[in-house]
Amino acid sequence: MQYLSLISGVIVGVILFHTIYVTRTVFHQLDEENTKIFLRAIFPKFFLLLNFLGLAFLLTAGYVNPGINGSFILGCSNTALPALAYFLIPSTNRAKDMGMESRFKLLHSISVILALVLFIMGLILIL
């Protein structure tokens with residue numbers, strides 16, 4: 001179980017680092033055009049990293065505690081949530097580019113909620 005806690009801790013740390021340092025720094029230091037370019041480059045990498053960590057969690061859970069159980073379900077969630085957020089990125093960007101603010105806000109909110117759920121699940125496991 002300690003391996004799963006370690007991976008969950010890394011997931012939580014990545015989300016915290018990205019939220020507290022990367023995103024806030026970008027919004028405070030870059031102009032609007034450069035912010036757009038940077039965020040469109042970094043967010044796919046962010047969600048792919050979380051997806052990779054979720055897959056590592058799933059594989060470790062399957063090895064440490066085989067079968068369909070809580071660890072397996074958590075591993076599937078840790079893998080699926082960032083994958084869903086990753087696949088929302090093109091639609092979110094398109095909505096922003098086309099000035100569809102309500103659609104953009106909805107898609108962005110879904111991505112934020114997926115990351116928040118992932119963060120909370122990781123916190124619950126490590127605490």
Side-chain angles (χ1 to χ4, degrees):
M1 194 65 161
Q2 66 190 14
Y3 295 116
L4 299 180
S5 295
L6 176 67
I7 297 169
S8 288
V10 173
I11 290 170
V12 167
V14 166
I15 294 170
L16 275 177
F17 180 79
H18 185 79
T19 303
I20 293 172
Y21 294 106
V22 175
T23 306
R24 291 182 80 207
T25 300
V26 167
F27 283 115
H28 288 95
Q29 299 299 318
L30 297 178
D31 59 52
E32 188 175 333
E33 185 59 32
N34 286 317
T35 296
K36 177 181 170 181
I37 292 167
F38 180 79
L39 292 178
R40 288 184 181 205
I42 198 73
F43 268 100
K45 292 171 181 71
F46 170 67
F47 287 121
L48 285 175
L49 174 60
L50 292 175
N51 184 257
F52 171 77
L53 292 168
L55 183 60
F57 185 100
L58 179 61
L59 293 173
T60 303
Y63 180 76
V64 172
N65 194 4
I68 298 182
N69 50 47
S71 296
F72 174 77
I73 293 168
L74 192 57
C76 289
S77 297
N78 283 346
T79 305
L81 295 178
L84 287 171
Y86 176 81
F87 288 117
L88 284 176
I89 291 172
S91 297
T92 304
N93 291 342
R94 203 171 314 110
K96 183 70 171 174
D97 292 344
M98 296 176 78
M100 302 166 68
E101 283 303 311
S102 61
R103 183 180 175 113
F104 169 77
K105 287 179 182 180
L106 173 66
L107 294 170
H108 180 263
S109 296
I110 291 169
S111 294
V112 169
I113 290 167
L114 292 171
L116 185 60
V117 169
L118 188 62
F119 178 77
I120 291 169
M121 287 187 321
L123 270 182
I124 290 170
L125 189 67
I126 61 177
L127 296 179

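Just so we're clear, the structure is a prediction, and the values are computed from it rather than from any experiment. By convention here, the first residue in the shown sequence is residue 1.
Nearest heavy-atom pair, Ala85 versus Phe47, reported as atom, atom and distance to 0.1 Å: CB-CE2, 3.4 Å. Nearest heavy-atom pair, Ser8 versus Phe57, reported as atom, atom and distance to 0.1 Å: OG-CE1, 3.4 Å. Of all heavy-atom pairs spanning Leu30 and Asn34, the tightest one is CD1-O, 3.9 Å. The minimum heavy-atom distance linking Pro66 with Asn69 is given by the pair O-ND2, 3.4 Å. Pairing each heavy atom of Leu123 with each of Val12, the nearest pair is N-CG2, 3.6 Å. Heavy atoms only, all atoms of each residue included: Leu125 and Ser5 are closest at O-OG, 3.9 Å.
Rounding to the nearest 0.5 angstrom, the gap separating the CD1 atom in Ile15 from the CG atom in Leu116 is 8.5 Å. To the nearest 0.5 Å, atom CG of residue Leu81 and atom OG of residue Ser111 are 11.0 Å apart. Rounding to the nearest 0.5 Å gives a distance of 11.5 Å between CZ of Phe119 and CD1 of Ile11. In this structure, CZ on Phe27 lies 10.5 Å from CZ on Phe38, to the nearest 0.5 angstrom. Taken to the nearest 0.5 Å, the CG atom of Asn93 stands 10.5 Å off from the NE2 atom of His108. Here Asn51 contributes atom CG and Leu118 contributes atom CG; the two are 10.0 Å apart, rounded to the nearest 0.5 Å.
For the side-chain contact (heavy atoms from CB on, under 4.5 Å) test, residues two or more places apart in sequence or in another chain that qualify with Leu84 are Leu114.
For the side chain to side chain contact (heavy atoms under 4.5 Å, CB included) with Leu4, the qualifying choice from Thr60, Asn65, Leu58 is Thr60, the only one to do so.
Ile73 is not connected to Ile126 by any chain of hydrophobic side-chain contacts under 4.5 Å among Ile, Leu, Val, Met, Phe, Trp and Tyr, and they are in different clusters. Cluster annotation: Val117 and Val10 are assigned to the same hydrophobic cluster (Ile/Leu/Val/Met/Phe/Trp/Tyr, side-chain heavy-atom contacts under 4.5 Å, transitive). In the hydrophobic clustering of this structure, Leu106 groups with Leu39; members are Ile, Leu, Val, Met, Phe, Trp, Tyr whose side-chain heavy atoms approach within less than 4.5 Å, directly or through other members. Ile37 and Phe104 are not part of a single hydrophobic cluster, where members link through side-chain heavy atoms under 4.5 Å apart. In this structure, Phe72 is not a member of the same hydrophobic cluster as Val64, with clusters built from ILVMFWY side-chain heavy atoms closer than 4.5 Å.
Residues in residues 39-48 take part in these side chain to side chain donor-acceptor pair (under 3.5 Å) pairs, two or more places apart or across chains: Arg40-Asp97.
Heavy-atom contacts from other residues, nucleotides or ligands closer than 6.0 Å to CD of Glu32 number 12 or fewer. Around atom CD1 of Ile68, no more than 12 heavy atoms belonging to other residues, nucleotides or ligands sit under 6.0 Å away.
Under the 30°/60° scheme for interplanar angles, the aromatic rings of Phe46 and His18 are found to lie parallel.
The shortest distance between side-chain heavy atoms of Glu101 and Lys96 falls below 4.5 Å.
In this structure a side-chain-to-backbone donor-acceptor pair under 3.5 Å is present from His28 to Arg24. A donor-acceptor distance shorter than 3.5 angstrom exists from the side chain of Thr79 to the backbone of Leu55, with no hydrogens or angles considered.
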